[in-house]
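Residue numbers begin at 1 in each chain, while the letters A, B, ... track the order of the sequences. Just so it is clear, the values below take in all heavy atoms, side chains as well, and ignore hydrogens, waters and symmetry mates.
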There are 4 protein chains.
Amino acid sequence: MAQSIKAGIVGGAGYAGGELLRLLLLHPNVELAFVQSRSQTGKPVSSSHPDLLGETELVFSAGASASVDVLFLCAGHGEAAKYLAENEVADGTKIIDLSQDFRWNECTATANVEADGRSFVYGLPELQRARIKEAQFVANPGCFATGIQLALLPLADQNLLTSEVHVSGITGSTGAGQSLSATSHFSWRTENISTYKVMEHQHMREIKRSLLSLQPENQPNIHFIPYRGPFARGIFITAYLQTDLSLEEAQALYKGYYEGHPFTIVTDQHADLKQVVNTNKCVLHLQKHGQMLVITSLIDNLLKGAAGQAVQNMNLVFGLEETTGLKLKATAF
Amino acid sequence: MAQSIKAGIVGGAGYAGGELLRLLLLHPNVELAFVQSRSQTGKPVSSSHPDLLGETELVFSAGASASVDVLFLCAGHGEAAKYLAENEVADGTKIIDLSQDFRWNECTATANVEADGRSFVYGLPELQRARIKEAQFVANPGCFATGIQLALLPLADQNLLTSEVHVSGITGSTGAGQSLSATSHFSWRTENISTYKVMEHQHMREIKRSLLSLQPENQPNIHFIPYRGPFARGIFITAYLQTDLSLEEAQALYKGYYEGHPFTIVTDQHADLKQVVNTNKCVLHLQKHGQMLVITSLIDNLLKGAAGQAVQNMNLVFGLEETTGLKLKATAF
Amino acid sequence: MAQSIKAGIVGGAGYAGGELLRLLLLHPNVELAFVQSRSQTGKPVSSSHPDLLGETELVFSAGASASVDVLFLCAGHGEAAKYLAENEVADGTKIIDLSQDFRWNECTATANVEADGRSFVYGLPELQRARIKEAQFVANPGCFATGIQLALLPLADQNLLTSEVHVSGITGSTGAGQSLSATSHFSWRTENISTYKVMEHQHMREIKRSLLSLQPENQPNIHFIPYRGPFARGIFITAYLQTDLSLEEAQALYKGYYEGHPFTIVTDQHADLKQVVNTNKCVLHLQKHGQMLVITSLIDNLLKGAAGQAVQNMNLVFGLEETTGLKLKATAF
Amino acid sequence: MAQSIKAGIVGGAGYAGGELLRLLLLHPNVELAFVQSRSQTGKPVSSSHPDLLGETELVFSAGASASVDVLFLCAGHGEAAKYLAENEVADGTKIIDLSQDFRWNECTATANVEADGRSFVYGLPELQRARIKEAQFVANPGCFATGIQLALLPLADQNLLTSEVHVSGITGSTGAGQSLSATSHFSWRTENISTYKVMEHQHMREIKRSLLSLQPENQPNIHFIPYRGPFARGIFITAYLQTDLSLEEAQALYKGYYEGHPFTIVTDQHADLKQVVNTNKCVLHLQKHGQMLVITSLIDNLLKGAAGQAVQNMNLVFGLEETTGLKLKATAF
């Protein structure tokens, strides 16, 4: 008989929370015990997420209204730490946090982030699947952080980050959440492009921490320019650096590193963003131009970059097949 | 042990064929025996559908390279009839055709279309589920035809189509297939709107035929204006007509008619297209303004309007649960 | 020597105000005396409208900081009346109001709206150019109202509105202004469609009033379904009604009615929205299907539907050539 | 009395030709003598460019059907050279070519490209306005080339290109012309991103040639990644390099270099693409992060990147004010 995991979501009215809801409702081993939302308490979940009409009769609760095996925190940056400080969580409950609150600390190369007696494992399965399997508390990586790390891990793993790394990343509007702002207004954003947090994106901290754990010495600078793109979903990353590796050697390195990782695919074809939209995949493509190795890395920011990876982590924590509930039909168009 | 259905696709390189592939690869009871494409013979399926990288090693075949339990024809209008005329299909093989070749004939209100000794059932489950369950040959409805019929069937069923019906339908670019044309060029279509086939859309034939089967007398005119919209997926239909029904009576009528039909949902909330995108659902919303009943009907043209409904029909033909393999995560954003 | 008109704008930080600014800065006969904005007082105009960087050094003023020949009110619905109640305006100053405050009153078929001793002429040049030329106070029409009236005026003018009229109108996001809302969020609106104010749009009042002024008897119902479209600019209107006119007769009627009106063009080609975007044009296309005359009417909601028409009205009021400052390069793509 | 320049366009049915038409029809000193198109000979210009309905009665001619003062070649790469080889052009006629045929030759740092007795001046006014004023034959720069050069010229001018330069450029779909292709299909391109010609874009040749003319020694590598963006118009360029200049010094350098150049604006505000769409401007924004100077450079690829710059060059060649006919209302939204 199939395992049944009781799950609760804190902060279920936002984009990441909604995406998690969609996944958990279809997950064969999950029973959704509650979905909490402060702003939507008492309203049907389908009023915030109208695509779920007919899928669920759940109503947003004011708090964690049932005991659960796993608690997902989608409360936002700063709010997760606050929630755990203010609310009791039962001893055995696993926690998977989608905020940045427990991803990173000042100690550069240690594994976990300790907070109030809890030890959070950084939840990037392609970096530390074994640790996640043993974890009770998981800090789910950021979206840009996921895409950029997956572009660079195989090199760091072989101490091959030997020149400056130049990264561009273009994100869809859902990356900024559902709060209203001038740059999320349709009239502004459609057919438009802009940069933000140039060379100062907060995800660089967790990226560097991971890379240092693999290549602790002589790590080069990483320069990162984030862009706002006129599309709703997805992250398109281009990273390049000088290397002596031939294209074939680089491809072999990447394919070897990701062997056995079901969601991260190294392709020899040119890649475009929509082949990963609405999937939990990361597609990587390599090119070599002169001395430059150019890596393209594509993810759906709400799935592999947030809720999908959270479910992947849950699967690992509970000993399920890693892909359970995550074989998703791509939107494709 | 689960039933295993061997399936083949003729015309697998196009939009509908690709969508069918995506669905069948994830369907728990289907084993995909071959995917034929004249233009792509010998190439990996993932070269035409790069989102399927890592999902399948299938290569497009030149012909029906294996015997199958069910054959899907995605060859295009005119090509399906031609394929069946030129190729042998084993006696017991079920056929589900996505073209318009077998949807309609001159006899207005009879059930099936006879062609070369085959009798095609019109495959709209909400109209004739019982017949589909017994069918060997199914003519899958058109996309606009599906959305418009689902907006009007409950009324026709009660002989309540008693005034002229005014229909607008806005379709995404995938509705026109992947052939290149001035109106599918991004530079033209983005941020643009236009009409086409005004009051002359070919789907009106199959719509009228279905409505006549329910309400054979006094059927009013239906006026239909199709629009090309600046989006890739989905059909948004608005239909209105004069009626004495109150809003509550109309809602009860629609909810009653669609009870037990898992994909067609009558909602009291205002509806927008993206709540059905990448699902097999049809969402219906009713409003009453003065004497006018206004019906909104939303589908994804490639799913409930094509490949999803084809799988739904296959499920019915083979006695499976109707929703098998069709519980899809909506794209939502 | 060219005439120089001193102009002021109240409410210059919004979409319509900004568009008016763009036009007036390029208008050969206008000197912009001030641009007022409550929310942006003291900031450079180019901080709200960054495309104007390098075009103007103007700073938003707190009030009407200079005496002007013409005052444009872009303050929003309700705010225009309030502004005039609370602020002195010099006796000879012409006023062109872009809100709905003075477009309409209960008396169905009289010409002007009287308010606090001012008599506002409804500023649709194709309906009452002669009156506008004599006017001191002009109520600029609504955007949907402009597009729909231009689709129907020639028929009303000949008492040929003899059957129910069915209208659909799809508007871009700028039609809803720059205020932030769930339906203006990019993540929601991109690739999406929805309806709003179905059969209840407030512009119907000014439309009916104009049509009654031409065809006071036996006016049929007009049914109007407004849509939110996934594009920033423009309005696409389709209207149809039964008529005995042949297509040729209808075309002759429309071409005759609009002869001498430089912005309203009757074309025999199929039309699409982008041919009017960023122009002050209205393009009309006629089709006949059976008894139905189908009229397509296209405008840019911010220009012919707002600021462009306001400048057209200013030109008429001051005796300038109607097209002065309005020969605009279409965006086209 | 105003000067009147007789102009002809070869290749008027494409995107650049159409844009040029739009500009020249509104230009106060230009009389359009003919618009040639092989594919559209005999058809009204407004059938290919429907936004010009009502603006012109011109019909596409088969050849250069009149003698002109200036001939614009919009025939496409390779076609311009072919046209000049096969057709007589009167001795005094000025020629402005929008293709890449005469932009570049093997001699790295010389000024002009000699071809069949004609000497083509590279037509970037911000680089060599004085030469253009004296020129009879002008090679109009490429779109990416324009945006990237304007981002780097002030540094090269002071021999300050002293470290590797890293450039990303995202282009709208009109950049690829109106020919139909998989990557110009709306279904593919909407909400999508991809790269192409990574580190191999042909515009690098003309860029390097210009930079070498200013800084002939020790020129560093420039790495350029071009992207296809999901929008129709515009180019968004980010370039960065190490420099000892402070932000203030860099801003002073750029503002000084572009002083007196009316279309190139150095702003202290964050910039987004739509502030230049449908204008002939280039907006430059500088940031300093650590040692890195980050330059954003925005143009409309069809205007400053093609037809607008061609008109700017014509103005210079004929001794007109540089901005004549180029004060365009931005689309803004």
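Looking at B:A176, there are no atoms closer than 4.5 Å to chain D (heavy atoms on both sides), in backbone or side chain. Heavy atoms closer than 4.5 Å to chain D are found nowhere in B:T183, neither backbone nor side chain.
Rounding to the nearest 0.5 Å gives a distance of 3.5 Å between NE2 of D:H185 and OH of B:Y15. To the nearest 0.5 angstrom, D:T190 atom OG1 is 12.5 Å from B:R233 atom CZ.
The local environment of NE2 in B:H270 is sparse, with at most 12 non-hydrogen atoms from other residues, nucleotides or ligands closer than 6.0 Å.
Using modelled atom types, one finds a donor on one side chain and an acceptor on the other under 3.5 Å when comparing D:S187 with B:S173.
What you find for B:F186 and D:F186 is that their closest heavy atoms are CD1-CD1, 3.5 Å.
Scanning residues 41-58 of chain B against chain D with a 4.5 Å non-hydrogen threshold yields no residues.
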